Amino acid sequence: MSNAFRIESLLSARLFLSPQIVGDRIYFISDLSGRLSLYAMNKGGSVPEPLLPPDIALQNPTLMGGVPFYVFPKLNKILVMIDRDGDENYQPCFIPIDGGIPEPVFGDQFKGQQVHAHHCDWEKNTAFFQVDPRTSPVHQTYRVDLQKLKLEDLGTSLYGNWVAGANREHSKFILIDGYTAGDHVVYIRERGDRERTLLYGKPIEARDKGEEVPLNSISSCHFTPRDKGLLFVTSLFEDTYGLGYMKLSKPEDVQPVTIKGTIHKGMGELEYLEHLRENRYLLSYNIDGCSWVYEGTFDEKKLVFKITKNIMGKGTLSNGVVQSLYYDKKRNRYIASFSTANSPTQLYLIEGRTIKPQTNERILGIPKELLSAGEDASYISHDGLRISARLYLPTKKLGYAAPYPVIFYIHGGPQSQERPNFAWFSMPLIQYFTLNGFAVFVPNVRGSSGYGLKYMKQVDRDWGGKDRLDHVAGFEFLKKDKRLDMTRVGVMGRSYGGYMTLMLVGRHPELWKAGCDMFGPYNLFTFIERIPETWKTYFYLAVGHPDKDREFFIERSPKTYLHQLACPLLVIQGRNDPRVREAESTDLVNELRAQGKQIDYIVFENEGHDVLKYENKVKCYTEIVKFFKKHLM
């Protein structure tokens, strides 16, 4: 059969993300126009109506943190968070509920700053803003009355001061400082207080030098009736997270909550807890990379959480990832965005036990049976640790003969995870590789999320260490698979995956025939110098300090080893990237070209720490696969 597939076929399936349902209208983000924008349609499906001017492009909701938009029907307005072509300086703007020209909610007050909107409430017309000033390391937190346009100051912190919960009256707020993953300190602040009050944990300034404290990972906090206590997610009792409870009269005594009635099997972790109404809650799990969601009730006396309904994980909504799940309290229903490794995002309305598709996106010109579902390829690493991984192979109907050339695809983060998620950049690319005769190996090495706190924490202050050796062990493991040609192997990744790609081609040049770095740090000194000021506090703790840990930074910078680069390298960068600055990739390219290395360089002028616009995605995916075909086939 002819295998002249085009990436345009895979990208013909548009994204449908972050839905919210209000009455009989569904609001969502999509790239229907070739860039992410805001749309509305009728329940049951209708022609989507654009709500923003065509020159405005929204950011990838997964990268944002907080909500990308929220509908406030009582105000007849929509709050939209808008940046400028990927610079991530999100500005809170209002548009009419039927669409229109965005107007900054607070004028120029937050100009040049990054604002995240959390815990929006259409009944109260409120939201919480987390403000990153970009030029100062201190985060600012506000409760926002969007009807009166009033900002209520909830304090500042070097370490976040994130709103993790509020009581029903919005008179008490739970605020969390996070130092590194799992190392949280919990505070309460009541309306009228001038300062927050410590509830749980030991603040970093009160710790002795080198003191280790139990990691609690407290998040998703919910006040119980009459503000008697808090129900929350924690790692205090289970490494893969569970539920905990504290009486507010005795907050130091955190108790485990027994969860009864889950039906999933496999490796994974509890992700979050959401309060629905009365004594109903939502629990979301990530099991082997796939979403499992339940409803349940909490018995505060017995400290038991009883599952009452499975929402996701079986049947139609199984073996994939929910990008967003919105609960409509007024009509007791859900709207979800869901996809799998070989099926694009669809919107689903969930009413009771009935699941109704609201979209019918499909990949044009490529039958589903030609797409790879992937198979488990987990292995034992250099020190005996089990590493979860998947291997995507060309389907037999494509007619390619084994052994196949191999691409190592490395996810970013590093505390993230590659999942069967067609909404994310990687999955269309993985499928495009297999359609072109490549096998794609996707490991979630130590430091990845999805496998418990201990596994994830192993990358702290060890960038490019044992995680790098996990990839080398993966290479050795794949040598046993006769379907793979391990003399023709390429490696690529984005962000931290780009950093790891550079470390691997520099420190293990004998393994690779080609590499592709997408906006990965090259020199840890300049990388940390260039990131936003608020980020530096975290990186000093999780990675190291450029002055105090100078020798470590030299040892773990790809720059130190890339004089050994022995294969062609493709470098891809967004001009407006605030996380890994364009100068970082330009330094890499200029210095390696000066050494006579074979370097191709692509800069997308209107992108940031992602490639989102249609014409750029077409070029990006096409050039990547063309590059590896040239050097591996």
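Since the model is a prediction, treat every value here as computed from it, not as a measurement.
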**Student:** Parallel, tilted or perpendicular, judged at 30° and 60°: which one describes the rings of W463 and Y496?
**Tutor:** perpendicular
**Student:** Is the closest side-chain heavy-atom distance between D328 and I335 below 4.5 Å?
**Tutor:** no
**Student:** For R277 and E123, run salt bridge (charged side-chain N to carboxylate O under 4.0 Å, His left out): C-alpha distance rounded to whole Å, both residues' side-chain angles, the deciding distance at 0.1 Å, then the answer.
**Tutor:** CA-CA 13 Å; R277 56 194 295 178; E123 291 179 306; over 6 Å; no
**Student:** Salt-bridged, D132 to R134, with N to O below 4.0 Å?
**Tutor:**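 Salt bridge flag = yes for R134 with D132.
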**Student:** Using the six-membered ring wherever Trp is involved, compare the ring planes of F519 and H609 and label them parallel, tilted or perpendicular (cut-offs 30° and 60°).
**Tutor:**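 Rings of F519 and H609: tilted, 30 to 60°.
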**Student:** Can you find a side-chain donor-acceptor pair between Q415 and D460 that sits under 3.5 Å?
**Tutor:**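 Side-chain D/A pair, Q415 to D460: present.
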**Student:** I'd like to know whether H170 forms a ring pair (Phe, Tyr, Trp, His ring centres under 6.0 Å) with F128, so could you lay out the CA-CA distance, the side-chain angles of the two residues, the decisive distance to 0.1 Å, and finally the verdict.
**Tutor:** CA-CA 11 Å; H170 277 204; F128 292 89; 5.4 Å; yes
**Student:** According to the interplanar angle, ranging from 0 to 90°, do the rings of Y281 and F298 count as parallel (below 30°), tilted (30 to 60°) or perpendicular (above 60°)?
**Tutor:**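 Because their plane-to-plane angle is over 60°, the rings of Y281 and F298 count as perpendicular.
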**Student:** Just by distance, no angles: are the side chains of D153 and Q140 close enough, under 3.5 Å, to form a donor-acceptor pair?
**Tutor:** yes
**Student:** Using the six-membered ring of F173, assess whether NZ or CZ of R143 lies under 6.0 Å from its centre and within 45 degrees of the ring axis.
**Tutor:** no
**Student:** Would you call R494 and E607 a salt bridge, taking side-chain N to carboxylate O under 4.0 Å as the test?
**Tutor:**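 Judged by the 4.0 Å cut-off on N to carboxylate O distance, R494 and E607 do not form a salt bridge.
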**Student:** Stepwise, does the side chain to side chain contact (heavy atoms under 4.5 Å, CB included) test hold for K77 with I97?
**Tutor:** CA-CA 4 Å; K77 294 179 181 179; I97 201 165; 6.0 Å; no
**Student:** For a quick check under 3.5 Å, do E418 and S426 share a side-chain donor-acceptor pair by atom type?
**Tutor:**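 Checked: E418/S426 side chains pair up, N/O donor to acceptor below 3.5 Å.
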**Student:** Can you check whether I21 reaches K43 side chain to side chain, under 4.5 Å on heavy atoms?
**Tutor:** yes
**Student:** Kindly determine whether E533 and S136 satisfy side chain to side chain donor-acceptor pair (under 3.5 Å), including the steps that lead there.
**Tutor:** CA-CA 6 Å; E533 290 299 315; S136 161; over 6 Å; no
**Student:** Is any side-chain heavy atom of Y614 closer than 4.5 Å to a side-chain heavy atom of D31?
**Tutor:** no
**Student:** Can we say K613 and E605 salt-bridge, meaning some charged N sits less than 4.0 Å from an Asp/Glu carboxylate O?
**Tutor:**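 The answer is no: the pair does not qualify as a salt bridge.
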**Student:** If you apply the rule side chain to side chain donor-acceptor pair (under 3.5 Å), what do you find for Y451 with Q417, and how did you get there?
**Tutor:** CA-CA 9 Å; Y451 308 97; Q417 181 188 24; 3.1 Å; yes
**Student:** Tell me, with the steps shown, if F527 and F539 meet ring pair (Phe, Tyr, Trp, His ring centres under 6.0 Å).
**Tutor:** CA-CA 10 Å; F527 162 63; F539 276 91; 5.5 Å; yes
**Student:** Whether the N60 and D610 side chains hold a donor-acceptor pair (N or O, under 3.5 Å, no angle test) is what I'd like checked.
**Tutor:** yes
**Student:** Can you check whether R168 reaches F223 side chain to side chain, under 4.5 Å on heavy atoms?
**Tutor:**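 Counting from C-beta outward, R168 and F223 never come under 4.5 Å.
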**Student:** Is K457 close to L215 at the side-chain level, that is, under 4.5 Å between some pair of heavy atoms?
**Tutor:**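 In contact.
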**Student:** May I ask you to say whether R196 pairs ionically with D177, meaning some side-chain N is under 4.0 Å from a carboxylate O?
**Tutor:** yes
**Student:** Any carboxylate oxygen within less than 4.0 angstrom of a Lys/Arg side-chain nitrogen, looking at R191 and E152?
**Tutor:**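 Looking at E152 together with R191, the answer is yes, because their closest N to O distance falls below 4.0 Å.
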**Student:** Is it the case that Y327 and E295 place a side-chain donor and acceptor less than 3.5 Å from each other?
**Tutor:**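 No - no donor-acceptor pair under 3.5 Å links their side chains.
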**Student:** So do N216 and V254 actually touch side chain to side chain, heavy atoms under 4.5 Å?
**Tutor:** no
**Student:** Going by atom types alone, do R189 and N161 pair a side-chain donor with an acceptor below 3.5 Å?
**Tutor:** no
**Student:** State whether R581 and E584 are salt-bridged, where the test is any N-O pair (Lys NZ or Arg NE/NH1/NH2 against Asp/Glu carboxylate O) under 4.0 Å.
**Tutor:**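 Looking at E584 together with R581, the answer is no, because their closest N to O distance does not fall below 4.0 Å.
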**Student:** Angle class for the Y39/F28 ring planes (parallel below 30°, perpendicular above 60°, tilted otherwise)?
**Tutor:**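 Parallel.
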**Student:** Quick one: does F16's side chain get under 4.5 Å of I26's, heavy atoms only?
**Tutor:** no
**Student:** Under 4.0 Å between a side-chain nitrogen and a carboxylate oxygen: does that hold for K124 and D121?
**Tutor:**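 Salt bridge: yes.
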**Student:** Within the 3.5 Å criterion, strictly below it, is a donor on Q323 or S18 matched to an acceptor on the partner's side chain?
**Tutor:** yes
**Student:** If we check side-chain hydrogen bond (donor to acceptor under 3.5 Å, both in side chains) with R280, which of these qualifies: T297, T308, N332?
**Tutor:**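 That would be N332.
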**Student:** Is there side-chain contact between L230 and L199, with at least one heavy-atom pair below 4.5 Å?
**Tutor:**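 Yes, their side chains come closer than 4.5 Å.
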**Student:** Answer yes or no: is there an ion pair linking D24 with R331, defined by an N-O contact shorter than 4.0 Å?
**Tutor:**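 Looking at R331 together with D24, the answer is yes, because their closest N to O distance falls below 4.0 Å.
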